[in-house]
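To start, the structure under review is shown below, and the notes come after it.
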Amino acid sequence: MRPEENRNEERKIKKNKSEGKKPSAEELGSRADTSKSKNKKQKETGKKKKEKSAKEQEEPEYPDFHSDRKNRVKKRAREEDPQEETLVARRKKKVKTETEERAEKTKKDVKVKKEKKVKEEPQIAAGGKRKKTKEEIEAARALKIKKKEEEEQQRWRWWEEEKYEDGIKWKFLEHKGAYFPPEYEPFPDHVKFYYDGKPMALSLAAEEVAGFFAHMLDHEYTTKEVFRNNFFTDWRKEMTLKERMIITDLEKCNFNEMFEFYKNKMEAKRNMSKEEKQKIKEANQKIVEVFGFCLMDQHQERIGNFKIEPPGLFRGRGDHPKQGKLKKRIQPEDVIINCSRDSKIPEPPLGHKWKEVRFDNTVTWLASWTENVQGSCKYIMLNANSKLKGEKDWEKYEVARNLKSRIAAIREKYKQDWKSKQMVARQRAVALYFIDKLALRAGTEKEEGETADTVGCCSLRVEHIKLYPELDGQQHVVEFDFLGKDSIRYYNKVPVKKSVFKNLKLFMENKQGDDDLFDRLNTSLLNKHLNSLMPGLTAKVFRTFNASVTLQQQLKELTDSSANMPEKILSYNRANRAVAVLCNHQRAPPKTFEQSMANLQSKASQKSQANYDNRKQCHRICINKM
DNA sequence: ATCCCCACTTAGTAAAGGACTC
DNA sequence: GAGTCCTTTACTAAGTGGGGAT
């Protein structure tokens, strides 16, 4: 919008205000087709019904951040299918019930008691075979602790050293490059691929890619149409002309023998003798010793991911449009090495060359390559215990700590901005309120069609919220329903301030479901504003801050200093769970979940039956004694 | 102002490891 | 000793945010 248009709008608003009218969305500059570039998705979106005005009702200032979601049944969007019933059951089980927690506690108590008993009775423990195992376990545990302590002692105490000048990440860096996955090993001759019922020999390249698919045959991915289509298209590219002429329909492909071969191989691996397993472990250990460490400024640092990602089929999450595409094998010729000029430059694998060797000490990565599916950069970096990661982490929490002293003023400011005459300020203020109150992510814009359709705060669309003037006895309720990072569903019903509610209505006026809710806002604008309020402040800091506050509050609330260790651990886990709820952290239940739960339930019912029988028996004895 | 690239953090999933139980 | 369960680690996809080019 040009400045004079802006002024005109402001005048209009003023005029309306003096006449007692509320500004319309258009007057404030909210039109669906305005400034913000959009990633519109082709989706059926029903027009949202206009909400009726609601009575004034203020929600508590800053309630605990998760209380209204505590008992919410969360679900992942991909679970919205005919199997809903069983999946709901799975989800319910996911959040542990109080009973389970108690069981957990009892179990832990018993465990601690047992351990105590072993310690108190060394003479008994010394004799039998079983006791010896316990001792061995104890010894192993002690060894582990000792090793950790030693590691801790050897640790680079970088925080006691002077910081480097701005932007300089290291002064000396030497490493061994990257570890490349082993070459493709073809299937033995007896393992065949069948096309249209007939065995068909494949070229090496085509066979390798077929193997990737065969490997995943028991995974849900291979049933998804997008995955199958992408795989098939990319697979055909790897085929010889002749193969391509024959193989034209994925439905006619039979990978079962390949799948069985992999399954048997895994099984055989599982059944290996201890010695064989040990051998493999030692071989892996050697690889880690060579490639897993680097020398940085006179300190040995562990590398987080020294292995080049092996080829395979891309496993994008949610409805990723590129799922199933072939992730190609990375060659040394694709890899850029970064190290010190005066270090021993890593050798590329025999007969190969690096793409480039550079000496850039303003970045933290040791090697990088561009991945073919999304065209994004992949890096080899140090692990989380390293100086570089630790320092960054420290800084992150420092910024969050700084926010603590400014949060009151910042909250005050955005509340004032809810009444701003400028649409952009209003949108910014409401978005910030959500980010602060609900720990939403910023919501950076993404290229349409390149990734799954997920959003964060700034990229919320009209279709992602519903307004209820009144719901379940609460007023001004906003219902959020969208897919966030990793296509994890965010579903929440939140009572908001009346002015937020009114603003949302305004933002939604004259818009379609697939229009941006905050059409005047993007993360760049928001972050610029935040930076002006406090140096280093960005949208993501609020998540760190509120997660930390929640953890601290919950720990204080739940922990009793006189409690024993298992009780304290339980409190800690509960506090962490509160943070997980706030941040909408979710994991899919493990594949074995149904069975495990069934086992537990049968055990529980057996136990309660036994208890009942016991009580009956006692009762009888008591009666007899009377 | 917008786009795009780059560097880096965050977080879910799968595999590995290890303790416990029957 | 096998099976199960739980924890830890490895892997890598998916975000955020800065900065330069257009």
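Because the structure is a prediction, the values reported are computed rather than measured. Lettering follows sequence order; numbering is per chain, from 1.
With respect to A:K392 and A:E395, no salt bridge is recorded, no charged nitrogen being found less than 4.0 Å from a carboxylate O. The residues A:D297 and A:K171 are annotated as not salt-bridged, no charged nitrogen and carboxylate oxygen being separated by less than 4.0 angstrom.
Residue contacts shown for A:G456 are absent, as no nucleic acid heavy atom lies under 4.0 Å away. When heavy atoms are screened at a 4.0 angstrom cut-off, A:K269 is found touching the sugar-phosphate backbone but no base atom. Residue A:R441 is in sugar-phosphate contact alone, with no base atom involved, counting any heavy-atom pair closer than 4.0 Å across all strands shown. Counting any heavy atom pair closer than 4.0 Å across all strands shown, A:K540 reaches sugar-phosphate atoms only and no base atom. Among the heavy atoms of the strands lying under 4.0 Å from A:K327 are primed sugar atoms or P, OP1, OP2 only; no base atom is included. Using a 4.0 Å heavy-atom distance criterion, A:K528 is classed as making no nucleic acid contact. Nucleic acid contact class of A:Y379 (heavy atoms, under 4.0 Å, all strands): base. Note on A:T364: only backbone sugar-phosphate atoms sit closer than 4.0 angstrom, heavy atoms only; bases stay farther off.
Relative to the side chain of A:K392, the nucleotides C:dG17, B:dT9, B:dA11 differ in distance, and B:dT9 lies closest. Of the listed nucleotides (B:dG12, B:dA14, C:dG18), B:dG12 has the atom at the smallest distance from the side chain of A:R317. The nucleotide whose nearest atom lies closest to any side-chain atom of A:H585 is, among C:dG15, B:dC8, B:dG12, B:dG12. Distance from the side chain of A:K307 is smallest for C:dC11 among the nucleotides C:dG18, C:dA13, C:dC11. Comparing B:dG12, B:dA7, B:dC8 by their nearest atom to the side chain of A:I488 picks out B:dG12.
Judged by closest nucleotide on DNA chain B, A:C377 is the one of A:R543 and A:C377 placed further toward the 5' end. Nearer to the 5' terminus of DNA chain B, by closest-nucleotide assignment, is the contact made by A:S368 (compared with the other of A:D393 and A:S368).
Within 3.5 Å, a donor on the side chain of A:K485 pairs with an acceptor on the base of B:dT10, or the reverse.
In this structure, the CH2 atom of A:W170 is 13 Å from the P atom of B:dA7, given to the nearest Å. Per the geometry, NE2 belonging to A:H320 stands 16 Å off C1' belonging to B:dT13, to the nearest Å. Nucleotide C:dA10 holds its C1' atom 14 Å from the CD1 atom of A:I287, rounded to whole Å. Rounded to whole angstrom, the span from the CG atom of A:L460 across to the C1' atom of C:dG15 amounts to 15 Å. Protein atom NZ of A:K281 is 8 Å distant from nucleotide atom C1' of B:dG17, rounded to whole Å. Between A:I280 atom CD1 and C:dA10 atom C1' the separation is 17 Å, expressed in whole Å. Distance CD (A:E450) to P (C:dG15): 13 Å, rounded to an integer number of Å. To the nearest angstrom, P of C:dA14 lies 13 Å from CG of A:L483.
Remark: A:Y184 OH is packed, more than 12 non-hydrogen atoms of other residues, nucleotides or ligands lying under 6.0 Å away. Around atom NZ of A:K176, no more than 12 heavy atoms belonging to other residues, nucleotides or ligands sit under 6.0 Å away.
Taking 4.0 angstrom as the limit, A:Q374 places a side-chain polar atom (N or O) nearer than this to OP1 or OP2 of C:dA14. Note on A:T444: every side-chain N or O is 4.0 Å or more away from OP1 and OP2 of C:dG17. Contact annotation: A:N305 side-chain N/O to C:dC11 OP1/OP2 distance is not under 4.0 Å. Applying the 4.0 Å criterion to OP1 and OP2 of B:dT13, one finds that A:H219 has every side-chain N and O outside that range. OP1 or OP2 of C:dA13 lies within a sub-4.0 Å distance of a side-chain N or O belonging to A:K378. For the OP1/OP2 pair of C:dT7 and a distance below 4.0 Å, the side-chain nitrogens and oxygens of A:R587 include no atom meeting the criterion.
Note: A:H320 and A:F314 meet the aromatic proximity criterion, with ring centroids under 6.0 Å apart.
Between A:F291 and A:F306, the angle of the ring planes stays under 30°, which puts this pair in the parallel group of the 30/60° scheme.
Between A:P311 and A:K328, the shortest heavy-atom distance links the atoms CB-C, 3.9 Å.
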